[in-house]
Q: 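Just dropping this structure here.
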Amino acid sequence: MQRSDINNQQDVRDLVDAFYRKVLKDDLIAHFFTTVVQLDWEKHLPRIYAFWNSLLLPDGVYKGNAMGIHFELNEKSPMKAEHFERWLKLWRETVNEMFKGTNAENAISKAEQIAGLMNFKMNKQNTGKHIS
Ligand code: HEM
């Protein structure tokens, strides 16, 4: 199949849905989404779509505090480097299987930046040096 770039909101939805199908089967990180937090997927998914729309498309609007939500998650169950590595591996795989182009590359590089910062902040929180 010829892969095209992430061009519109439907592409973002398809990408996020495929990513979560992998996440929910993953031995290392699925439990965050199923046990640590019992997600209401009808509320959660639109927020994730909005987040990626706002990062990748000109018309996206995300109003939320993505970092803050993970501080709360991290208090319930520590998020460690290995979890972030797995999250990123699944994200890279999903993007590369489905899309090709500048926005696909952006989706990966932005995730890498945010995951790197998140990992750093969660690690600080876990070692008692809270920064927001
Ligand atoms: C180990 C890695 C990660 C795990 C296990 C994880 C898990 C979760 C969980 C369980 C939630 C729902 C929390 C709740 O509603 O109470 C959530 C929300 C969210 N996550 Fe992550 N996450 C990870 C990394 C990331 C990264 C790297 C990004 C961004 C690139 C990200 C973006 C988001 C966003 C945008 C939300 C929704 C925030 C909102 O409701 O406004 N996550 N995450």
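Start at 1 and go down the list; that is how both ligands and their atoms are numbered. Residues: numbered from 1 along the sequence shown.
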Q: Scan the side chains in residues 110-120 for donor-acceptor partners under 3.5 Å anywhere in the protein, sequence neighbours excluded, and list what turns up.
A:
unit_1: Lys110; atom_1: NZ; unit_2: Leu55; atom_2: O; d: 3.1
unit_1: Glu112; atom_1: OE2; unit_2: Arg92; atom_2: NE; d: 3.0
unit_1: Glu112; atom_1: OE2; unit_2: Arg92; atom_2: NH2; d: 3.2

Q: Establish, yes or no, whether a centroid distance under 6.0 Å links the rings of Trp41 and Tyr20.
A: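 They qualify: ring centres under 6.0 Å apart.
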Q: After noting the C-alpha distance and the side-chain angles of Lys89 and Glu93, does the key distance pass the salt bridge (Lys or Arg N to Asp or Glu O under 4.0 Å) rule?
A: CA-CA 6 Å; Lys89 174 178 178 281; Glu93 264 176 31; 3.0 Å; yes
Q: Near Lys100 NZ, under 6.0 Å, is it more than 12 heavy atoms from other residues, nucleotides or ligands?
A: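 Open.
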Q: Filter the ligand 1-protein atom pairs down to N or O on both sides and distance under 3.5 Å, then list them.
A:
unit_1: ligand 1; atom_1: 20 (N); unit_2: His70; atom_2: NE2; d: 2.9
unit_1: ligand 1; atom_1: 22 (N); unit_2: His70; atom_2: NE2; d: 3.0
unit_1: ligand 1; atom_1: 40 (O); unit_2: Arg47; atom_2: NE; d: 2.6
unit_1: ligand 1; atom_1: 41 (O); unit_2: Arg47; atom_2: NE; d: 2.9
unit_1: ligand 1; atom_1: 41 (O); unit_2: Arg47; atom_2: NH2; d: 2.8
unit_1: ligand 1; atom_1: 41 (O); unit_2: Tyr62; atom_2: OH; d: 2.6
unit_1: ligand 1; atom_1: 42 (N); unit_2: His70; atom_2: NE2; d: 2.9
unit_1: ligand 1; atom_1: 43 (N); unit_2: His70; atom_2: NE2; d: 2.9

Q: How about Trp52 and Phe19: are their ring centroids closer than 6.0 Å?
A: no
Q: Would the number of heavy atoms belonging to other residues, nucleotides or ligands and lying under 6.0 Å from CD of Glu42 be above 12?
A: no
